[in-house]
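In listed order, ligands and their atoms are each counted from 1.
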Amino acid sequence: MKEVRIGKSTLKGSRLAFGCWRIAGTWEARKVNAKARESGLKAILAAYETGYTLFDLADIYCEGISEELFGLALKQSKSLKKSALIATKCGIRIPEAGETYRYDLSADYIIQSCENSLQRLGVDCLDIYQLHRPDWLMDPNEVAKAFAKLKKTGKVKHFGVSNFKPSQVSLLQSALKDSLVVNQIEISLLQLASFEDGTLDQCQQHKITPMAWSPLAGGYLGNGKSNVLPSQEKYKPIKIRRRLDSLAREFSTSRSAIALAWLLKHPSGIIPIIGTTKPSRIRELAEADQIDLSHEQWYTLLTSALKEDLP
Ligand SMILES: NC(=O)c1ccc[n+]([C@@H]2O[C@H](COP(=O)([O-])OP(=O)(O)OC[C@H]3O[C@@H](n4cnc5c(N)ncnc54)[C@H](OP(=O)(O)O)[C@@H]3O)[C@@H](O)[C@H]2O)c1
């Protein structure tokens with residue numbers, strides 16, 4: 001798979017990233033059994049063998065189990081450990097009994113969360129540490145303090161954000177010494193907001209790599225409804241799927257690979273984070289890296305996704 005530079009950093013990662021949100025097969029740590037652990041490990045190793053070197057995680061994925069499984073994979077494969085770029089996240093608090101589900105980007109919480117992730121992953125340093133969601137009470141100077149400490153102690157190489165609006169990126173960046181390297185947002189043919197709300201423009205202008213989460217709309221653009229988020233439940237992909245299928249025949253590939261190739265075409269350098277846990281699909285989706293859609297083909301898909309004709 002091709003490699004690309006991440007943001008303004010010197011890091012290079014695979015053109016498609018592998019997302020570890022679903023690898024434990026459940027969101028709840030207490031439900032994870034040995035079989036689920038084994039398939040999670042298989043998925044990580046299949047991704048690496050296929051050429052994915054950028055791995056996306058978060059402390060909350062299956063309440064820490066995704067990070068633990070990734071740590072196990074690193075122990076099993078020295079070459080994975082050598083080549084993997086680890087991107088994980090913090091900032092969403094898993095509530096203890098009686099607590100409110102909330103976001104927390106206070107300096108202490110960022111630093112403590114990072115220590116916990118390093119321990120679960122069994123590594124000394126994270127390549128990219130992302131703030132999972134904007135905290136409504138975010139003080140950029142406090143975040144900057146935490147970032148400076150984590151950088152100085154060698155625990156994090158680069159920082160990024162996720163689900164941040166352009167104004168929130170600018171606010172935070174104004175307090176930081178180093179450039180943010182990624183903004184991770186939901187982007188797919190069924191979620192076009194970032195093309196129009198300035199998010200991708202900002203990424204392109206400031207060389208922040210956009211990473212697309214749910215690039216297949218949680219499964220809707222693949223084989224239909226999967227384990228989707230509540231916000232994705234109303235997605236209606238019928239018309240888009242017909243056009244994806246027609247292009248898939250033209251390129252002798254799958255519908256899902258075309259949906260990812262559509263993201264890869266954008267000049268901001270979107271990195272789709274794939275979320276399948278099936279090794280055969282992990283391999284099939286890597287074909288997207290070989291597909292270069294024409295301007296015309298790209299617009300055919302866009303217009304099938306828009307509710308109204310272009311003016
Ligand atoms: N920053 C954030 O707020 C945020 C939020 C959500 C996700 N993420 C990141 O983004 C990653 C990807 O998200 P996602 O899992 O929603 O991505 P996705 O690729 O849009 O959806 C993957 C889901 O679609 C299913 N699927 C159905 N048909 C498929 C096909 N033909 N090909 C591939 N998958 C198919 C998969 O099931 P099978 O496993 O059965 O193939 C899987 O459940 C996550 O792992 C996580 O790292 C970040």
Side-chain angles (χ1 to χ4, degrees), residues 13-14 16-27 36 39-40 42-44 46-47 50 52 54-62 65-67 69-70 84-92 103 117 128-135 160-165 168 182-191 193-194 199 209-233 235 237 240-241 244-245 248 253-264 270-288:
S14 49
L16 300 165
F18 182 72
C20 298
W21 178 32
R22 303 178 191 267
I23 56 169
T26 164
W27 314 135
S39 10
K42 270 195 190 146
I44 297 165
T50 310
Y52 298 77
L54 176 54
F55 293 88
D56 181 61
L57 298 119
D59 55 355
I60 57 161
Y61 291 170
C62 196
I65 301 287
S66 295
E67 286 184 337
L69 280 176
F70 198 80
L85 284 190
I86 304 176
T88 193
K89 313 184 199 78
C90 71
I92 301 179
Y103 307 147
S117 287
I128 305 168
Y129 200 35
Q130 306 157 114
L131 305 179
H132 207 149
R133 288 196 170 267
D135 175 1
V161 291
S162 173
N163 302 301
F164 270 48
K165 292 189 172 69
Q168 293 164 330
V182 297
N183 189 5
Q184 193 179 120
I185 35 215
E186 186 186 2
I187 325 174
S188 74
L189 275 159
L190 288 166
Q191 181 46 271
S194 61
T199 303
T209 298
M211 292 179 74
W213 63 259
S214 286
L216 298 175
Y220 273 118
L221 293 171
N223 281 358
K225 189 172 167 176
S226 184
N227 216 344
V228 295
L229 296 166
S231 55
Q232 299 168 329
E233 273 163 12
Y235 286 169
I240 304 170
R241 282 221 293 253
L244 285 172
D245 285 343
T253 186
S254 66
R255 174 198 288 165
S256 324
I258 298 288
L260 298 183
W262 186 80
L263 295 173
L264 294 175
I270 297 171
I271 296 187
I273 315 169
I274 67 152
T276 178
T277 49
K278 299 207 163 54
S280 58
R281 284 181 174 163
I282 291 170
R283 290 189 280 273
E284 174 193 285
L285 295 179
E287 288 174 16

Ser162 and Gln130 side chains, donor-acceptor separation under 3.5 Å: no

Shortest heavy-atom approach to atom 42 (C) of ligand 1 - which of Arg22, His132, Arg133, Arg255: Arg22

To the nearest 0.5 Å, atom CD of Glu287 lies from atom CG of Leu285 at 8.5 Å

For ligand 1, does Cys20 get within less than 4.0 Å through its side chain, its backbone, both, or neither, judged by non-hydrogen atoms? backbone

When distances are taken from atom 3 (O) of ligand 1, the protein heavy atom at minimum range is Asn163 ND2, 2.9 Å

Are any of the N or O atoms of Glu284 closer than 3.5 Å to those of ligand 1? no

Any pair counted as side-chain hydrogen bond (donor to acceptor under 3.5 Å, both in side chains), so long as it reaches residues 210-221, sequence neighbours left out: Asn163-Trp213, Ser214-Gln232

With under 30° as parallel and over 60° as perpendicular, where do the rings of Tyr52 and Phe18 fit, or are they tilted in between? perpendicular

Looking only at distances, can you tell me whether any N or O atom of Leu285, backbone or side chain, sits closer than 3.5 Å to an N or O atom of ligand 1? no

Side chains of residues 270-281: which donor-acceptor partners sit under 3.5 Å, not counting sequence neighbours?
unit_1 : atom_1 : unit_2 : atom_2 : d
Thr276 : OG1    : Lys278 : N      : 3.1

For ligand 1, which atoms have a heavy atom of Ala217 less than 4.0 angstrom away? 20 (O)

Examine the proximity of ligand 1 to Ala58 and report which part, side chain or backbone, both or neither, has a heavy atom under 4.0 Å away. neither

Leu229, any N or O under 3.5 Å of ligand 1 N or O: no

Distance from Leu69 atom CG to Ile23 atom CD1, nearest 0.5 Å? 5.0 Å

Taking atom CD1 of Ile86 and atom CD of Glu67, what is their separation to the nearest 0.5 Å? 9.0 Å

In terms of heavy-atom contacts, Arg255 and Leu221 come closest through CD-O, 3.1 Å

Of all the heavy-atom pairs spanning Ala17 and Met211, show the shortest one and how long it is. CB-CE, 4.1 Å

Note the single closest protein heavy atom to atom 35 (C) of ligand 1, along with its residue, its atom name and the distance in Å. Arg281 NH1, 3.6 Å

Note the single closest protein heavy atom to atom 17 (O) of ligand 1, along with its residue, its atom name and the distance in Å. Ser214 CA, 3.4 Å

What atoms of ligand 1 come closer than 4.0 angstrom to any heavy atom of Asn223? 27 (C), 28 (N), 29 (C), 31 (N)

Non-hydrogen side-chain atoms of Tyr129 and Cys90 separated by less than 4.5 Å: yes

To which protein heavy atom is atom 24 (O) of ligand 1 closest, and what is the distance rounded to 0.1 Å? Gly219 CA, 3.1 Å

Heavy atom of the protein closest to atom 47 (O) of ligand 1 (residue, atom name, distance): Asp56 OD2, 2.6 Å

Atom 34 (N) of ligand 1 sits nearest the protein heavy atom Thr276 CB, 3.7 Å

Only heavy atoms of Gly19, strictly under 4.0 Å: list the atoms of ligand 1 that pass. 45 (O), 47 (O)

Do Lys89 and ligand 1 have an N or O pair less than 3.5 Å apart? no

Quick check on contacts: which atoms of ligand 1 are under 4.0 angstrom from a heavy atom of Lys278? 38 (P), 40 (O), 41 (O)

Heavy-atom closest pair (Leu263 atom, Pro215 atom, distance to 0.1 Å) is CD1-CB, 3.5 Å

Look at atom 6 (C) of ligand 1 and say which protein heavy atom is nearest, naming residue and atom and giving the distance to 0.1 Å. Trp213 CE3, 3.2 Å

Among protein heavy atoms, which lies nearest atom 44 (C) of ligand 1, and at what distance? Trp21 CB, 3.4 Å

Between Ala24 and Ala36, what is the shortest heavy-atom contact and its length? O-CB, 3.5 Å

Flag Leu216 as yes when one of its N or O atoms lies below 3.5 Å from any N or O atom of ligand 1, and as no otherwise. yes

Closest non-hydrogen atom pair between Ile187 and Pro210, with its separation: CD1-CB, 4.5 Å

Report yes or no: does a heavy atom of Tyr61 sit under 4.0 Å from some atom of ligand 1? yes

